[in-house]
A.B. asks: 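Here you go, one structure.
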Amino acid sequence: MNRVAFVFTQAPHGSSAGREGLDAALATGALSEDIGLFFIGDGVLQLNLHQQPEAIRSRHYAATFGVLALYDIEQCYLCRTSLEARGLDAEAERLLDVTLLDAPALRQTLASYDRILTF
């Protein structure tokens, strides 16, 4: 079975990429057992608590991250280097339980996947 990685690289509400990536991960989760989610660059913003997308008339899809466990999607990685570059606290509470990795370790982990989809 192929290992599939979903890489989130964009902020949550500037485009539909985050929502589409999450939908694709859930759809793939119904068919595959080995899925990993990677949050790098502006994608680290996807997991911030207390987002207010209503202020820009955007759909609030953050609650959808809560159903990942139902699809056995438990491998979630967050780039510590990206957090620091954006002045975010690595120890802050997030929407998901994630494994924090520095950029080199994240790249090494990502390289172990057979298919990589970027959103």
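For the single chain, residues carry numbers from 1 onward in sequence order. Both backbone and side-chain heavy atoms feed into the values below; hydrogens, waters and symmetry mates do not. These numbers were taken from a predicted model, which means no experiment stands behind them.
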A.B. asks: Between Asp102 and Arg80, does any side-chain N to carboxylate O distance fall below 4.0 Å?
C.D. replies: yes
A.B. asks: Run the numbers on Arg107 and Leu101 for side-chain contact (heavy atoms from CB on, under 4.5 Å), then give the verdict.
C.D. replies: CA-CA 9 Å; Arg107 282 192 295 272; Leu101 297 175; over 6 Å; no
A.B. asks: State whether the number of non-hydrogen atoms from other residues, nucleotides or ligands found under 6.0 Å of Asp89 atom CG is greater than 12.
C.D. replies: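 Count over threshold, so yes.
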A.B. asks: Just jot down the ring pair (Phe, Tyr, Trp, His ring centres under 6.0 Å) partners of Phe38, sequence neighbours excluded, or say none.
C.D. replies: Tyr77, Tyr113
A.B. asks: Over all heavy atoms of both residues, which pair between Asp97 and Cys76 is shortest? Give the atoms and the distance, please.
C.D. replies: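 For Asp97 versus Cys76, the nearest heavy atoms are O-CB, 3.9 Å.
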A.B. asks: Look at atom CZ of Arg115 and say whether more than 12 heavy atoms of other residues, nucleotides or ligands are closer to it than 6.0 Å.
C.D. replies: no
A.B. asks: Of all the heavy-atom pairs spanning Leu78 and Phe39, show the shortest one and how long it is.
C.D. replies: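 Nearest heavy atoms, Leu78 then Phe39: CD1-CB, 3.5 Å.
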A.B. asks: Please list, chain by chain and in numerical order, all residues satisfying side-chain contact (heavy atoms from CB on, under 4.5 Å) with Gln108, sequence neighbours excluded.
C.D. replies: none
A.B. asks: State whether the side chain of Thr28 and the backbone N or O of Ala25 hold a donor-acceptor pair below 3.5 Å, judged by distance alone.
C.D. replies: no
A.B. asks: Does some side-chain heavy atom of Arg86 sit less than 4.5 Å from a side-chain heavy atom of Asp42?
C.D. replies: yes
A.B. asks: Tell me the closest heavy-atom pair linking Ala24 and Phe119, and the distance in Å.
C.D. replies: CB-CZ, 3.8 Å
A.B. asks: Work out which heavy atom in Gln75 is nearest to a heavy atom in Ile35; give both atom names and the distance.
C.D. replies: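 Heavy-atom minimum between the residues: CB-O, 3.7 Å.
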A.B. asks: Where do Phe65 and Leu96 come nearest, in terms of heavy atoms and distance?
C.D. replies: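 Heavy atoms of Phe65 and Leu96 come nearest at O-CD2, 3.6 Å.
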A.B. asks: State yes or no: do Leu106 and Val4 share one hydrophobic cluster built from I, L, V, M, F, W and Y residues joined by side-chain heavy-atom distances below 4.5 Å, directly or via other members?
C.D. replies: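 Per the 4.5 Å side-chain linkage, Leu106 and Val4 are not co-clustered.
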A.B. asks: Checking side-chain contact (heavy atoms from CB on, under 4.5 Å) for the pair Thr109/Thr99: CA distance, chi angles, key distance, verdict?
C.D. replies: CA-CA 11 Å; Thr109 303; Thr99 301; over 6 Å; no
A.B. asks: Examine Leu100 and Leu88 and state if one hydrophobic cluster contains both, with Ile, Leu, Val, Met, Phe, Trp and Tyr joined whenever side-chain heavy atoms are less than 4.5 Å apart.
C.D. replies: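 Yes; tracing contacts between hydrophobic side chains, which count when under 4.5 Å, links both residues.
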A.B. asks: Say whether, by atom type as modelled, one donor and one acceptor occur between the side chain of Gln46 and the main chain of Gln10 under 3.5 angstrom.
C.D. replies: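 Side chain of Gln46 to backbone of Gln10: a pair is present.
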A.B. asks: Heavy-atom distance under 4.5 Å between the side chains of Leu110 and Ile40, does that happen here?
C.D. replies: no
A.B. asks: Begin from the C-alpha positions of Leu37 and Leu68 and carry the test side-chain contact (heavy atoms from CB on, under 4.5 Å) through to its verdict.
C.D. replies: CA-CA 10 Å; Leu37 303 183; Leu68 289 171; 3.5 Å; yes
A.B. asks: Checking the side chain of Thr81 only, and the main-chain atoms of Ala103 only, is there a donor and an acceptor separated by less than 3.5 Å?
C.D. replies: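 At least one qualifying donor-acceptor pair exists.
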A.B. asks: Do Leu117 and Val7 share a hydrophobic cluster, counting only Ile, Leu, Val, Met, Phe, Trp and Tyr and linking them when any side-chain heavy atoms are less than 4.5 Å apart?
C.D. replies: no
A.B. asks: For residues Ile73 and Gly29, report the shortest heavy-atom separation together with the two atoms involved.
C.D. replies: CD1-CA, 4.3 Å
A.B. asks: What's the spacing between Thr118 OG1 and Phe8 CZ if we round to 0.5 Å?
C.D. replies: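 That separation rounds to 10.0 Å.
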